[in-house]
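Below you'll find the structure, written out as structure tokens, and then a few comments.
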Amino acid sequence: MKTLTTTCCIVGGGPAGLVLGLLLARAGVEVIVLEKHADFLRDFRGDTIHPSTLEVMHELGLLDEFLLRPHQETRQIAAQVGDKRYAVADFSHLSTRCKFVAFMPQWEFLDFIALHAKRRANFHMLMECEATGLIERNGRIAGVRARMGGEDVEIAATLTVAADGRHSVLRQAAGLEVMDLGAPMDVLWLRVSKQPSDPAESFARFDAGRLLVQIDRGDYWQCAFVITKGSFDAVRERGLDALRAEVARLAPHLEGRVNELRSWDDVKLLTVTVDRLKRWYRPGLLCIGDAAHAMSPVGGVGINLAIQDAVAAANILSRSLALGRLRNEDLARVQARRSFPTRLTQGAQVAAHTRLIAPLLAAKGTIKAPLPLRLLQWFPMLRRIPARLIGLGVRPEHVHSPEARPTAPTAGR
């Protein structure tokens with residue numbers, strides 16, 4: 001069995017794991033990140049890069065280079081209810097350098113962060129390395145068991161970070177208690193080509209019993225078709241033609257292109273979960289991102305919350321890790337810092353589920369825009385509120401972790 005040793009072992013090469021890995025390595029901490037896949041090229045992942053994340057890129061001195069990557073910029077968000085269009089959020093008034101949400105394929109974001117992290121000799125990334133369990137000694141988590149290249153591997157670590165998503169292997173292995181907040185919906189991800197005559201922005205379309213979100217991905221639309229929780233089998237029984245017709249009714253400009261959905265292989269199911277851990281840590285273990293709190297797609301803020309967790313964790317833990325003085329109280333400080341934003345954001349999402357999405361999915365006939373949406377039209381200043389909540393979130397984090405002198409990676413690593 002192969003054995004490795006590091007200061008911090010991060011499981012999961014997603015946004016939370018890689019940003020934390022970069023920040024800790026930047027602060028001089030020895031880091032190993034495990035990613036179970038061979039690359040980042042997986043479609044239908046969250047692609048929203050919020051102004052708060054772009055601000056982090058600026059604070060790291062990476063913003064100009066980052067924005068050279070393929071992306072689309074959205075300065076306003078709109079929704080269509082029935083045949084009427086409503087402005088929802090206006091990001092132009094945010095007190096950030098980037099007053100827009102960037103839609104960037106997640107593999108581009110992850111590749112960019114990994115590229116800069118790998119320039120640090122104390123950062124190591126193991127691809128196709130899947131965590132299978134935890135190493136526990138004397139009541140403390142002491143590292144990770146994994147499989148890589150058909151071989152068992154043990155990574156001993158002062159701190160293990162679970163950033164392995166909503167189906168976290170590590171949080172389950174640690175026996176951490178999960179609170180399920182419920183969700184009335186699931187999402188079908190679809191991909192349809194884009195034409196020059198299409199609307200120029202990402203937006204949502206609401207109608208009785210149906211909801212479609214279109215995300216601009218440059219030469220195609222990534223579409224989220226919302227269905228009632230657990231109804232995917234019934235949708236399949238009605239047939240692919242029925243689904244194509246539903247999409248075309250919601251977005252008539254796509255009518256000639258819905259046949260690009262050639263089989264059910266072109267339809268990806270996202271089972272929506274909203275939950276959070278009662279406690280995010282055990283001695284030697286910390287959960288962040290979706291491993292600590294799975295978010296609804298409402299507002300597209302899951303990536304934002306995960307990255308904010310990573311920045312806060314680096315701010316709080318980098319010095320104690322570098323000095324070899326990590327305490328359980330340090331891990332508790334991370335949860336204390338990030339619990340309030342998580343609870344408030346999830347509360348807003350659950351309220352949207354209860355008051356907007358569930359009634360909409362159950363509605364028949366003509367629907368009327370809810371009062372909050374109409375208020376946003378009557379008083380345009382109010383659009384700054386959803387822009388602030390979506391773009392920056394609650395208690396946005398800033399990079400305070402120190403920067404150690406950069407070192408070139410050793411050959412062969």
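- Here the side chain of Ser168 pairs a donor or acceptor atom with the backbone of Leu170 at under 3.5 angstrom.
- A donor-acceptor contact shorter than 3.5 Å is absent between the side chain of Arg75 and the backbone of Ser92.
- Judged by the 6.0 Å and 45° rule, Lys194 forms a cation-pi pair with Trp221.
- Across Arg338 and Ala312, no two heavy atoms sit closer than the pair CD-CB, 3.7 Å.
- Contact annotation: the side chain of Glu55 never approaches that of Cys98 to less than 4.5 Å [non-hydrogen atoms, C-beta and beyond].
- Closest heavy-atom contact between Gln377 and Pro380: O-CD, 4.0 Å.
- Annotation for Asp198 and Ser193: closest pair OD2-O, 4.3 Å, computed over non-hydrogen atoms.
- Within the 4.5 Å cutoff, the side chain of Met57 has heavy atoms near those of the Ile113 side chain.
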**Asked** Run the side-chain hydrogen bond (donor to acceptor under 3.5 Å, both in side chains) check on His353 and Ser296 step by step: do they pass?
**Response** CA-CA 9 Å; His353 291 169; Ser296 163; 2.8 Å; yes
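- Looking at Arg210 and Asp207, a side-chain N of the basic residue comes within less than 4.0 Å of a carboxylate O on the acidic one, giving a salt bridge.
- Although no hydrogens or angles enter the test, the distance criterion places no donor-acceptor pair under 3.5 Å between the side chain of Arg205 and the main chain of Val81.
- Side-chain N or O atoms of Gln335 include one that pairs as donor or acceptor with a backbone N or O of Lys278 at under 3.5 Å.
- Of the possible polar contacts, none joining the Asp330 side chain to the Leu326 backbone as a donor-acceptor pair under 3.5 Å is found.
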**Item:** Leu34/Cys9 under side chain to side chain contact (heavy atoms under 4.5 Å, CB included): CA gap, chis, key distance, verdict
**Value:** CA-CA 8 Å; Leu34 311 187; Cys9 179; 4.0 Å; yes
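- Going from atom OG of Ser401 over to atom CG of Leu321 covers 11.5 Å, rounded to the nearest 0.5 Å.
- Of the candidates Ile10, Leu20, Thr7, Val31 forms a side-chain contact (heavy atoms from CB on, under 4.5 Å) with just one, namely Ile10.
- A distance-only check finds a donor-acceptor pair linking the side chain of Arg282 to the backbone of Ala174 [under 3.5 Å].
- Contact check on Arg171 versus Asp275 returns a salt bridge, with a Lys/Arg side-chain nitrogen under 4.0 Å from an Asp/Glu carboxylate oxygen.
- Using a 4.0 Å cut-off between charged side-chain N and carboxylate O, Asp152 and Arg147 make a salt bridge.
- Using modelled atom types, no side-chain atom of Asp266 and backbone atom of Arg191 make a donor-acceptor pair closer than 3.5 Å.
- Aromatic ring centroids of Phe112 and Phe66 lie under 6.0 Å apart.
- In the model, Gln346 has a side-chain atom that pairs as donor or acceptor with a side-chain atom of Arg276 under 3.5 Å.
- Neither side chain, Trp107 nor Asp39, offers a donor N or O lying under 3.5 Å from an acceptor on the other.
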**Asked** Taking it one step at a time, do Leu269 and Trp189 satisfy side chain to side chain contact (heavy atoms under 4.5 Å, CB included)?
**Response** CA-CA 6 Å; Leu269 171 66; Trp189 284 114; over 6 Å; no
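- Between Trp280 and Ser339, some side-chain heavy-atom pair lies under the 4.5 Å cut-off.
- Ser52 and Asn304 share a side-chain donor-acceptor pair at under 3.5 Å.
- Here the straight-line distance linking atom CZ of Phe225 with atom CD of Glu246 works out to 5.0 Å at 0.5 Å rounding.
- Counted by atom type alone, His167 and Gln172 present zero donor-acceptor pairs between their side chains at under 3.5 Å.
- Using a 4.5 Å heavy-atom threshold, the side chains of Trp264 and Arg236 count as touching.
- Under the 3.5 Å distance criterion, the side-chain polar atoms of His50 are matched with a main-chain donor or acceptor of Ile390.
- At a threshold of 4.0 Å, the pair Asp90-Arg383 does not count as salt-bridged, since none of the basic side-chain nitrogens sits closer than that to a carboxylate oxygen.
- The residues Glu130 and Arg145 are annotated as not salt-bridged, no charged nitrogen and carboxylate oxygen being separated by less than 4.0 angstrom.
- Partner of Cys223 under the side-chain contact (heavy atoms from CB on, under 4.5 Å) criterion, out of Leu261, Val187, Leu212: Leu212 alone.
- Here Ile227 contributes atom CD1 and Leu211 contributes atom CG; the two are 11.5 Å apart, rounded to the nearest 0.5 Å.
- How far CZ of Arg333 is from CG of Asn315: 9.5 Å, rounded to the nearest 0.5 Å.
- Thr345 places no side-chain N or O within donor-acceptor distance of the main-chain N or O of Thr342, the cut-off being under 3.5 Å.
- Here the CE-NE2 distance, from Met179 to His293, works out to 11.5 Å after rounding to the nearest 0.5 Å.
- Two residues are said to be in side-chain contact when any heavy atoms from C-beta on lie closer than 4.5 Å; Ile141 and Ile135 fail this criterion.
- Side-chain contact between Leu376 and Ile385 is absent, with no heavy-atom pair separated by less than 4.5 Å.
- Side chain to side chain, Glu255 and His253 fail the donor-acceptor criterion of an N or O pair below 3.5 Å.
- Between Ile288 and Ala16, the closest heavy-atom pair is CD1-CB, 3.9 Å.
- A side-chain contact (heavy atoms from CB on, under 4.5 Å) with Pro15 is found for one member of Ile49, Leu110, Leu305 and no other, namely Leu110.
- A donor-acceptor pair is defined here as one N or O able to donate and one able to accept, closer than 3.5 Å; such a pair exists between the side chain of Asp186 and the backbone of Gly230.
- Around atom NZ of Lys229, more than 12 heavy atoms belonging to other residues, nucleotides or ligands sit under 6.0 Å away.
- Residues Arg388 and Pro396 meet the side-chain proximity criterion, which asks for heavy atoms closer than 4.5 Å.
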**Request:** Give the C-alpha distance, both sets of side-chain angles, the deciding distance and a yes or no for side chain to side chain contact (heavy atoms under 4.5 Å, CB included) between His71 and Phe103.
**Result:** CA-CA 5 Å; His71 70 281; Phe103 288 95; over 6 Å; no
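- Around atom CE of Met1, more than 12 heavy atoms belonging to other residues, nucleotides or ligands sit under 6.0 Å away.
- Under the 4.0 Å criterion applied to side-chain N and carboxylate O atoms, Asp309 and Arg337 are not assigned as salt-bridge partners.
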**Request:** Might you work through the side chain to side chain contact (heavy atoms under 4.5 Å, CB included) test for Met185 and Leu361, ending with a clear yes or no?
**Result:** CA-CA 9 Å; Met185 63 181 186; Leu361 292 175; 4.2 Å; yes
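- Closest of all the heavy-atom pairs between Val101 and Pro51 is CG2-CD, 4.0 Å.
- Lys2 and Glu154 are not joined by a salt bridge, as no carboxylate oxygen comes within less than 4.0 angstrom of a charged side-chain nitrogen.
- Looking only at side-chain heavy atoms (C-beta outward), Arg120 and Arg26 come within less than 4.5 Å of each other.
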**Prompt:** Is there a salt bridge (Lys or Arg N to Asp or Glu O under 4.0 Å) between Arg244 and Asp241 once you walk through the steps?
**Reply:** CA-CA 5 Å; Arg244 294 189 191 109; Asp241 284 340; 2.2 Å; yes
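- For the residue pair His58 / Asp64, no side-chain donor-acceptor distance below 3.5 Å is found, with atom types taken as modelled.
- Closest of all the heavy-atom pairs between Ala131 and Val169 is O-CG1, 3.9 Å.
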